[in-house]
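Shown next, in structure tokens, is the structure this report addresses.
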Protein chains: 2
Amino acid sequence: MRLVSWNVNSLNVRLPHVEHLLDKLHPDVLALQETKLPDDRFPSEAFEQRGFQVSFAGQKTYNGVALISRYPLEHVRADLPGFNDAQRRVLAATVAGVRIINVYVPNGQEPDSEKFAYKCRWLDALLAFVADELSAHDRLVVMGDFNIAPADMDVHDAARWRDKIMCTALEREYFRRLLALGLVDAVREQLPEDRTIYTWWDYRLSAFRRGWGLRIDHVLLSESLRIRAAGVDVSYRAMDRPSDHAPVWVDVQ
Amino acid sequence: MRLVSWNVNSLNVRLPHVEHLLDKLHPDVLALQETKLPDDRFPSEAFEQRGFQVSFAGQKTYNGVALISRYPLEHVRADLPGFNDAQRRVLAATVAGVRIINVYVPNGQEPDSEKFAYKCRWLDALLAFVADELSAHDRLVVMGDFNIAPADMDVHDAARWRDKIMCTALEREYFRRLLALGLVDAVREQLPEDRTIYTWWDYRLSAFRRGWGLRIDHVLLSESLRIRAAGVDVSYRAMDRPSDHAPVWVDVQ
DNA sequence: GAGTCTGTAG
DNA sequence: CTACAGACTC
């Protein structure tokens, strides 16, 4: 089973890129973040024509998540329990016996800001939700845009990013607590320890051309799922009108 | 000598179309309207690379006129005498002994509006300017977007447009007074009397596809200039991302 | 309907 | 730098 996660930064603009990905990577489950589309504008037909099922939780200009799946999407939920919020940032569904949780973690803007506090509260609620889901689902995946670079290894220039958003000790602590629930960071697990790999490059300052990336998109697997291969398809960041994120893929058994 | 006038509705967006026109129509003088560019963003190099001289009077979001010429642009002026106005709507220059006046006449919004009154005042000032220039220049051209359809013949549906902006008796009277100074409407002169031809089609309601056009862009020639041929190149209205106007061309001797 | 600006977000 | 909304103009 191939899992792919991609922050598309507007599905409206990126639909051709996503269709290209379906043809190239043949995902069984594709988790999208930042669709930026209200539900009545979601391009379901594009996916259904290709034999996929779709589920989405969208809003107008911001956020928005979707699941595209070759198999039925069951027990769908689009919120974090006990976290009252209009922002569409989570979408969970069961696919072929695997519980999939698609997340678009808040960016946080900068440490000390109200948005950073919101990010922390959101992650608290996510931790509780994932812990709860793990108690019910042996086979479980949390994937998406976490807006957290788990270690200095995941940042092109750790000194420059120290204590910056996505790299603070507090955010990394949240990421560790997530793994401590019994999850494995598939890409990090699969690649050699000294191999740097990034999933996001700022649009500004020609960050991609200069190799200024961060690894902030992740696929986390419960221990009963075996990883066969994993990677990041950087070619999508090099295309015309690209998203600022590249898709992450994992083959599981 | 080939003269071309085109309202490009943003030179920023339409530069590729304009370059295409230079290669296809080989104008000696190209008058552009609605460049919508401040002078520090005018793409002079694109024209100079091809051996043209440029002169422009631009502003930020609205209006803006330019002259692109194979021959030197002399005695340039970018205002109407006695008409104090920040809007960049006129650019006059002498090219190879021919006085060229490039105009972007105000649209006027709707009759009775303050903008219509402005259009009339602007046309008063234009009449005085052209009369004055004619006394000094035997060979003279006034070309541009006049925002006036001179006769019912120049409107796809005269009944529907009666007393609408661009078709009011008052605006047509201004146009007649301009001709009465000693100018000839080159395209009307050159084409058979019963031949309809348009230069502008609204972006809305698929006006171009339906043939709902108006002839509001004109090239007016003093009587000492002989017309050899004239026309409207409608193909530019059918291109991708078109301007809502098509270019008008006239060959003079 | 297409364009540009300002403002917001990442 | 890219994307969107909302206001403006034509």
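Quick note on labels: first sequence line is chain A, next is B, and so on, each numbered from 1. All heavy atoms count here, side chains included; hydrogens, waters and symmetry mates do not.
- Between C/dG3 and B/Arg241, a contact under 4.0 Å exists linking OP1 or OP2 to a side-chain N or O.
- Salt-bridge annotation for A/Asp152 and A/Arg172: present, with a side-chain N of the basic residue lying under 4.0 Å from a carboxylate O of the acidic one.
- In this structure, B/Asn12 atom CG and C/dG3 atom C1' are separated by 10 Å, rounded to whole Å.
- Protein atom NE2 of B/His245 is 17 Å distant from nucleotide atom P of C/dG1, rounded to whole Å.
- Note: CD1 (A/Ile165) to C1' (C/dG10) measures 11 Å, nearest angstrom.
- With a cutoff of under 4.0 Å to any heavy atom of chain A, the contacted region of DNA chain D is bounded 5' to 3' by D/dC1 to D/dG6.
- A salt bridge between B/Asp157 and B/Arg210 is absent, with no side-chain N of the basic residue lying under 4.0 Å from a carboxylate O of the acidic one.
- Following rounding to the nearest Å, B/Asn7 (CG) and C/dA2 (P) show an atom-to-atom distance of 16 Å.
- Taking each heavy atom of A/Gln33 and A/Asp217 in turn, the nearest pair found is OE1-OD2, 4.4 Å.
- Distance, A/Lys60 NZ to C/dA9 C1': 15 Å, rounded to whole Å.
- Closest approach of A/Trp122 to A/Val90, counting heavy atoms only: CZ2-CB, 4.2 Å.
- Atom NE2 in B/His17 sits roughly 13 Å away from atom C1' in C/dG3 (whole-Å rounding).
- The pair A/Arg121-A/Glu114 counts as a salt bridge, with a side-chain nitrogen and a carboxylate oxygen less than 4.0 angstrom apart.
- Rounding to whole angstrom units, OH of residue A/Tyr203 and P of C/dG10 are separated by 14 Å.
- The CG-C1' distance, from A/Asn9 to C/dT8, rounds to 14 Å in whole Å.
- Cation-pi geometry between B/Arg160 and B/Trp212 is satisfied (NZ or CZ under 6.0 Å from the ring centre, within 45° of the ring normal).
- In this structure, A/Lys164 does not reach the C/dG10 phosphate: none of its side-chain N or O atoms is under 4.0 Å from OP1 or OP2.
- Side-chain N/O atoms of B/Ser10 include one lying less than 4.0 angstrom from OP1 or OP2 on C/dT4.
- Here A/Arg209 lies out of heavy-atom contact (under 4.0 Å) with every strand.
- The residue among B/Lys36 and A/Lys36 whose nearest nucleotide of DNA chain D is located toward the 5' end is A/Lys36.
- Between B/Tyr174 and B/Leu127, the shortest heavy-atom distance links the atoms CD2-CD1, 3.6 Å.
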